[in-house]
Amino acid sequence: MCGRFTLTGNLIWLIRLLGLEQLQKFAPRYNIAPSQPLIVFYKDPDSGEYKQDFQLWGLVPSFIKDPADVRNMINARAETIEQKPSFKKAFRYRRCIIPASGFYEWQKSGKDKQPWYFSPTENEHFYFAGLWDIWHGPDGEQLDTCAIITTEANRVMSRIHHRMPVIIAPDDLLTWLNDETEPAALKRLLRPFPDARMKCWKIDKLVNNPANDRPECIEPKGELQPELF
DNA sequence: CCAGACGTTGTT
DNA sequence: GTCTGG
DNA sequence: CCAGACGTTGTT
DNA sequence: GTCTGG
């Protein structure tokens, strides 16, 4: 699963890829949690232009009556994304990219939960595959929300947790965002990220509390790479 | 036909 | 145990 | 995802 | 809105 991540550095590479103007600076984030605003990129269905936006993490489908009924849709399973009413249309028409410097996963053993940090080896950022929607309230309120797609863990990650976020390779980003891409081709992108392109290490439980949004969250504390078998 | 759900994770 | 908030 | 609350009445 | 269950 993916329920917490980081975003630091700058997104100039992605911005250039999408032909966007230089965007405003954002403060580095070391502990982005569900319900918080995320930076997302998508192809605006109206203008056909790529767009950068902020959306709250936790997708609220447009047809929901009361958002309070459906909190916590922070992830969408890749395997069933085309069947679930909450994600079906979004998968077809409202896909997005959510950049991250790295993400956290917790390894359970008995009562203990040990956090690990995962980051890219070859690029500055991961690009999560996401879905978004807009919910309109009866009094004109609007909620722009999104979810991160998950898939089975790759080999390295499977020592820690059996699910992982879908990460789109840089070469596939435009295919993922393009509204002309066939569903079958989109589906093929929803696979585990290659082991060799990510690294990980144990970190302090400081990260557990979302209020601790600081660089210490990603400092190595113990093992680099989990034991494989 | 209408009513009611619409999600993931993990754990048992 | 279960829900809410971040 | 984890942390932290989990309640009411009335008064300030 | 759309699907499932009764």
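Numbered from 1 within each chain, the chains take letters A, B, ... in sequence-line order.
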A:W201-A:Y117 aromatic ring centre distance below 6.0 Å: yes

inquiry  = Categorize A:F5 for me: base, sugar-phosphate, or nothing, with a 4.0 angstrom heavy-atom threshold over every strand shown.
reply    = nothing

Would the distance check show the side chain of A:T6 and the main-chain N or O of A:G102 forming a donor-acceptor pair, the cut-off being under 3.5 Å?
yes

Q | Rounded distance in Å between the P positions of D:dG10 and C:dC3 | A | 29 Å

key: Rounded C1' spacing from B:dT9 to D:dC2 in Å   = 13 Å

note: A:W106, atom CH2; D:dC2, atom C1'; distance rounded to Å ~ 7 Å

When you measure from the side-chain N and O atoms of A:T80 to the phosphate of B:dG7, is any distance below 4.0 Å, counting only OP1 and OP2?
no

Taking only N and O in the side chain of A:K89, is any of them less than 4.0 Å away from OP1 or OP2 of E:dG1? no

Partner of A:R94 under salt bridge (Lys or Arg N to Asp or Glu O under 4.0 Å), picked from A:D46, A:D133, A:D179, is A:D133

*side-chain N/O A:K88 vs E:dC3 OP1/OP2, d < 4.0 Å*: yes

Checking B:dG7, D:dC2, B:dT8 against the side chain of A:K113 (C-beta onward), the nearest is D:dC2

- Is the cationic atom of A:R95 (NZ for Lys, CZ for Arg) positioned less than 6.0 Å from the six-membered ring centroid of A:W176 and within 45 degrees of its normal? yes

Checking A:I12, A:L14, A:I15 against A:L20 for side chain to side chain contact (heavy atoms under 4.5 Å, CB included), the one that qualifies is A:I15

message: Side chains of A:S86 and A:K89, heavy atoms from C-beta outward: is any pair under 4.5 Å?
response: no

Rounded to whole Å, the CH2-P distance (A:W57 to B:dG7) equals 18 Å

Atom CZ of A:F63 and atom P of E:dT4 are separated, to the nearest Å, by 13 Å

Less than 6.0 angstrom separating the ring centers of A:F126 and A:F5, yes or no? no

Check: When you compare B:dA3 with D:dG7, how far apart are their P atoms, in angstrom units rounded to a whole number?
Finding: 32 Å

Quick one: label A:P34 by what it contacts on the DNA or RNA (base, sugar-phosphate, nothing), any heavy atom closer than 4.0 Å.
-> base

Stems with DNA chain C, 3 or more Watson-Crick or G-U pairs in a row (under 3.5 Å), are C:1-6 with D:1-6

*Could you check whether A:S62 gets within reach of a base, just the sugar-phosphate, or nothing at all, counting any heavy atom under 4.0 Å?*
nothing

Whole-Å distance, A:N208 CG to D:dC2 P, equals 7 Å

Less than 4.0 angstrom between a side-chain N/O of A:T150 and OP1 or OP2 of B:dT9, yes or no?
yes

(Q) Is it the case that the side chains of A:W106 and A:N208 hold a donor-acceptor pair, with the cut-off being a distance below 3.5 Å and no angle test? (A) yes

A:K84 NZ to E:dC3 C1', in whole Å, measures 11 Å

**Asked** Contact class for A:S35 vs. all strands (heavy atom < 4.0 Å): base, sugar-phosphate, or nothing?
**Response** base

In whole angstroms, the gap separating P of D:dC2 from CG of A:D112 amounts to 11 Å

Would you say A:Q114's side chain and A:I160's backbone share a donor-acceptor pair under 3.5 angstrom?
-> no

When A:S86 and A:R77 are each assigned the nearest nucleotide of DNA chain B, the 5'-most assignment goes to A:S86

Per nearest nucleotide of DNA chain B, the residue lying toward the 5' end, A:I64 or A:T151, is A:I64

Atom OH of A:Y117 and atom P of D:dC1 are separated, to the nearest Å, by 19 Å

Q.
Taking the P atom in each of D:dT8 and C:dG5, what is the distance between them to the nearest angstrom?
A. 15 Å

Between CE of A:M164 and P of B:dT8 the distance, given in whole Å, is 17 Å

- Mind checking the P distance from D:dC1 to B:dT11? Whole angstroms is fine. 9 Å

